[in-house]
**Student:** 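Next up is a structure, given as structure tokens.
Chain A is the first sequence line, chain B the second, and so forth, proteins listed ahead of strands; every chain is numbered from 1. The figures here come from the full heavy-atom set of this structure, side chains too, leaving out hydrogens, waters and symmetry mates.
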Protein chains: 6
Amino acid sequence: MQGKKPKESYTIMNELVLPNDTNTLNNLMGGRLLHWMDIASAISAQKHCNRIVVTASVDNVSFKAPIKLGDVISIEAKVSRAFTTSVEVRMDVWAENIPSGTRVKSNEAYYTFVALDSDGNTVKVPELIPETPEEILLFEGALRRRQLRLILGGKMSPDDATELKALFFAAQQ
Amino acid sequence: MQGKKPKESYTIMNELVLPNDTNTLNNLMGGRLLHWMDIASAISAQKHCNRIVVTASVDNVSFKAPIKLGDVISIEAKVSRAFTTSVEVRMDVWAENIPSGTRVKSNEAYYTFVALDSDGNTVKVPELIPETPEEILLFEGALRRRQLRLILGGKMSPDDATELKALFFAAQQ
Amino acid sequence: MQGKKPKESYTIMNELVLPNDTNTLNNLMGGRLLHWMDIASAISAQKHCNRIVVTASVDNVSFKAPIKLGDVISIEAKVSRAFTTSVEVRMDVWAENIPSGTRVKSNEAYYTFVALDSDGNTVKVPELIPETPEEILLFEGALRRRQLRLILGGKMSPDDATELKALFFAAQQ
Amino acid sequence: MQGKKPKESYTIMNELVLPNDTNTLNNLMGGRLLHWMDIASAISAQKHCNRIVVTASVDNVSFKAPIKLGDVISIEAKVSRAFTTSVEVRMDVWAENIPSGTRVKSNEAYYTFVALDSDGNTVKVPELIPETPEEILLFEGALRRRQLRLILGGKMSPDDATELKALFFAAQQ
Amino acid sequence: MQGKKPKESYTIMNELVLPNDTNTLNNLMGGRLLHWMDIASAISAQKHCNRIVVTASVDNVSFKAPIKLGDVISIEAKVSRAFTTSVEVRMDVWAENIPSGTRVKSNEAYYTFVALDSDGNTVKVPELIPETPEEILLFEGALRRRQLRLILGGKMSPDDATELKALFFAAQQ
Amino acid sequence: MQGKKPKESYTIMNELVLPNDTNTLNNLMGGRLLHWMDIASAISAQKHCNRIVVTASVDNVSFKAPIKLGDVISIEAKVSRAFTTSVEVRMDVWAENIPSGTRVKSNEAYYTFVALDSDGNTVKVPELIPETPEEILLFEGALRRRQLRLILGGKMSPDDATELKALFFAAQQ
């Protein structure tokens with residue numbers, strides 16, 4: 001199985017914020033955005049794996065500024081690292097109010113997907129080969145994020161999270 | 001402003017997994033569940049704050065087992081801690097296949113909401129007064145989760161996250 | 001097949017009234033509420049029968065007060081009586097405007113479901129064993145409601161509806 | 001205000017049963033049909049009243065045969081009687097499986113609507129002038145159905161329901 | 001296979017314009033109307049063919065006047081001509097604002113459908129036998145519209161479009 | 001008002017074909033695709049005009065091959081020409097079955113939008129300045145397509161459609 005580059009899984013999704021996506025202040029509800037991000041990143045993960053994929057985890061997501069009714073949401077996704085049977089997808093999300101010409105970054109996020117065959121069993125996925133400096137940074141950070149997920153999910157002891165320690169406690173050492 | 005107990009914001013939401021919520025393996029898509037969880041926890045946050053609330057962040061969420069078409073999703077939410085103008089809501093999510101009598105825990109999660117007045121400005125929220133031992137544990141853990149959110153959002157240096165250090169590196173000290 | 005108690009089928013559903021659920025006066029449309037009530041009561045009926053269930057009938061439902069955009073609908077459902085292959089589910093529906101702190105009863109209703117096996121044939125369901133005085137009252141009233149359904153559906157002559165007569169014409173006798 | 005004929009409020013709605021409208025047996029869920037019926041009858045009530053209308057009540061509805069995925073639902077609605085500020089709408093509902101050429105009556109039902117002005121206050125509606133023998137029968141039956149609604153809603157004592165008594169207990173007298 | 005008359009495929013669909021169907025000016029979005037028109041005309045095509053049908057093409061559609069939130073859309077569809085394995089369906093679309101009593105024609109359109117058996121292969125469809133003068137005109141125009149579709153789809157050379165030439169360039173000859 | 005290049009309005013939308021988007025053969029319904037295309041092209045038109053836009057017309061659209069449940073639809077849109085107060089948007093639509101690695105062109109289409117100010121009045125839009133040879137070809141063809149729209153809409157006599165004649169009847173001259 002041949003490795004793949006991030007650009008091969010690059011996916012853009014644009015969505016228009018409609019009334020039913022908003023609360024009574026006419027702001028986009030966070031859950032609707034999380035749903036769109038899941039579809040965008042699943043398409044990106046599928047492109048890398050050429051497999052059906054299922055969401056395994058969602059990293060901490062923060063919503064910075066309110067997004068308004070009528071705004072256009074733009075989600076850019078690409079695989080940031082492949083593990084044995086799973087991939088991490090990085091997304092950058094913007095909200096654009098086109099008539100007023102404003103475009104603000106709403107958030108960055110990582111969703112992880114597991115690849116499945118048609119019987120629902122996990123299958124191996126191609127390696128990711130990062131190319132640009134930014135892709136290499138994302139690739140390297142993926143190990144730390146994976147350790148954080150495993151600790152938060154109770155599957156790894158903090159003591160074994162060597163990559164994560166280096167990130168969080170550089171000042172301490 | 002008088003403090004409130006967790007049971008005052010206790011909210012249950014049940015949803016039926018319908019075809020459009022599933023992928024081609026007939027499994028619930030993660031994004032749909034994140035969307036339902038946002039609505040359930042927003043209702044819970046509203047009950048505590050008696051205010052319009054907007055999603056500020058979603059903590060790391062892991063999906064353990066696949067949830068199938070026709071399953072009933074049961075989301076239980078209650079406020080786990082209030083900060084000045086925001087609340088953290090804890091959710092427990094189960095998936096139940098009623099004809100076969102199985103009920104499995106799908107995940108636990110924390111969503112954070114900011115309270116707004118009708119002009120969209122942040123407003124103070126009532127304090128949370130935990131009662132049961134489990135509620136006290138959730139209340140105490142909220143500080144650590146908040147520090148993790150601030151670090152991941154680039155708003156706090158790891159060195160200042162004293163609560164978080166105690167959680168992650170107890171063994172080290 | 002062992003009997004079951006009402007609390008074993010107790011189901012709560014909370015829904016947020018979103019723009020698409022409302023008419024041009026920003027009031028919840030009755031049909032949307034009937035739809036949610038069908039899902040909530042079907043989940044309750046499933047819990048009692050441990051079977052797939054299909055809606056057989058809906059009793060007279062009156063909508064008292066208008067429900068507004070942004071309100072939280074809270075539906076509480078439990079089985080009120082089991083017949084041979086069907087169950088009657090009783091619902092209490094509230095509408096809550098959380099920021100203003102109002103909570104009003106919208107309506108009470110009964111939906112009836114038939115239990116089916118996986119080939120779509122009707123199957124026997126467990127008996128219902130009411131416990132509290134209120135559950136016993138609902139259980140007893142179920143016979144009258146069933147007779148009313150049968151008369152309205154043209155399947156029973158009014159003369160044979162002995163239970164119903166007792167309700168409607170007590171004063172006459 | 002001039003009276004109107006039933007044919008002036010005659011409304012037909014056709015809907016295709018799509019996957020999300022069905023349960024795991026591929027049968028149309030009752031709640032979805034109740035929702036469509038609400039929209040069809042609201043359009044009919046609007047045509048009679050030339051006003052915004054809101055659902056006031058739904059009479060007993062029975063679902064006879066299962067309706068399948070891919071069937072076409074055909075709802076025919078027309079006003080059967082006008083009261084001071086409300087109208088009763090009668091519906092006939094068919095399910096048609098076009099490739100196999102079958103068309104079965106699913107149910108008949110009555111929904112009642114109140115007419116509102118743009119401030120949400122009730123307003124007078126035009127009288128209904130039935131023309132055909134069938135329309136006259138529906139018009140006459142409307143009084144009995146109204147009494148049944150009032151009794152079930154606790155707004156009329158059974159003793160005062162003179163029209164209803166005549167229907168239910170003809171044999172008794 | 002016996003021919004069929006246009007009235008045998010006559011289909012009416014009424015839809016209410018809800019918030020999610022509109023843009024930020026509260027006008028119905030064109031794409032939503034195209035979607036409803038597809039369902040209405042597919043039902044009509046099914047009635048003629050007694051087969052599953054799939055959309056093959058949509059002719060030029062113009063939207064004349066803005067349609068507002070709360071309007072009732074009324075779509076009337078009937079088959080205008082049958083070809084070997086396909087049918088052309090003609091639609092007339094009105095938008096009605098019932099409280100203000102206005103009803104305007106929104107557009108006329110033609111959708112074409114191919115008939116399929118249950119394996120997805122194309123199958124022959126009954127001939128259309130137009131009856132009224134208007135139906136005969138629509139029937140005759142169908143050949144020209146078909147040639148225009150074939151030219152625009154690159155499947156016919158303009159030179160061979162004898163019917164279309166007669167329409168477009170009558171003045172030239 | 002400064003002219004804009006096609007790349008400034010370039011918009012990509014990816015959508016996953018879900019159960020409710022399909023017919024009983026599990027093929028994407030044409031109307032659903034027309035709806036997505038309307039949203040994608042409206043976003044593109046907005047980017048060019050920096051205005052609210054409404055759909056004015058849809059050109060002839062043909063659907064070549066069936067698109068299946070689970071496929072990813074990819075719509076690429078960019079403005080092909082601006083007129084005084086309207087723009088024509090060209091779309092290329094692909095359907096990709098990622099697990100099997102197939103990607104087929106579904107169709108090409110043109111939607112036209114009118115730009116409006118916040119009171120709903122038409123407003124002037126920036127000129128389009130095509131850059132690549134392909135963009136110049138699309139720009140030049142736009143006049144012919146506009147004439148065809150005007151003829152089909154009854155707003156231009158075929159005799160005056162000089163551009164269109166050149167396209168359709170080159171062989172004749």
**Student:** If you count heavy atoms of other groups shown closer than 6.0 angstrom to NZ of Lys105(D), is the number above 12?
**Tutor:** yes
**Student:** Any chance CD of Glu131(E) has more than 12 other-residue heavy atoms, nucleotides or ligands included, within less than 6.0 Å?
**Tutor:** yes
**Student:** Does Asn50(D) use its side chain to pair, donor to acceptor, with the backbone of Ile98(E) at less than 3.5 Å?
**Tutor:** yes
**Student:** Would you compute the distance between atom CG of Asn14(D) and atom OG1 of Thr11(E) and round it to the nearest 0.5 angstrom?
**Tutor:** 6.0 Å
**Student:** Surrounding NZ of Lys5(D) (heavy atoms of other residues, nucleotides or ligands, distance under 6.0 Å), is the total greater than 12?
**Tutor:** no
**Student:** To the nearest 0.5 Å, what is the distance between CD (Gln46(E)) and CG (Leu16(D))?
**Tutor:** 6.5 Å
**Student:** Name the option with the most non-hydrogen atom pairs under 4.5 Å to chain D; the candidates are Ile52(E), Val72(E), Asn97(E), Ile39(E).
**Tutor:** Val72(E)
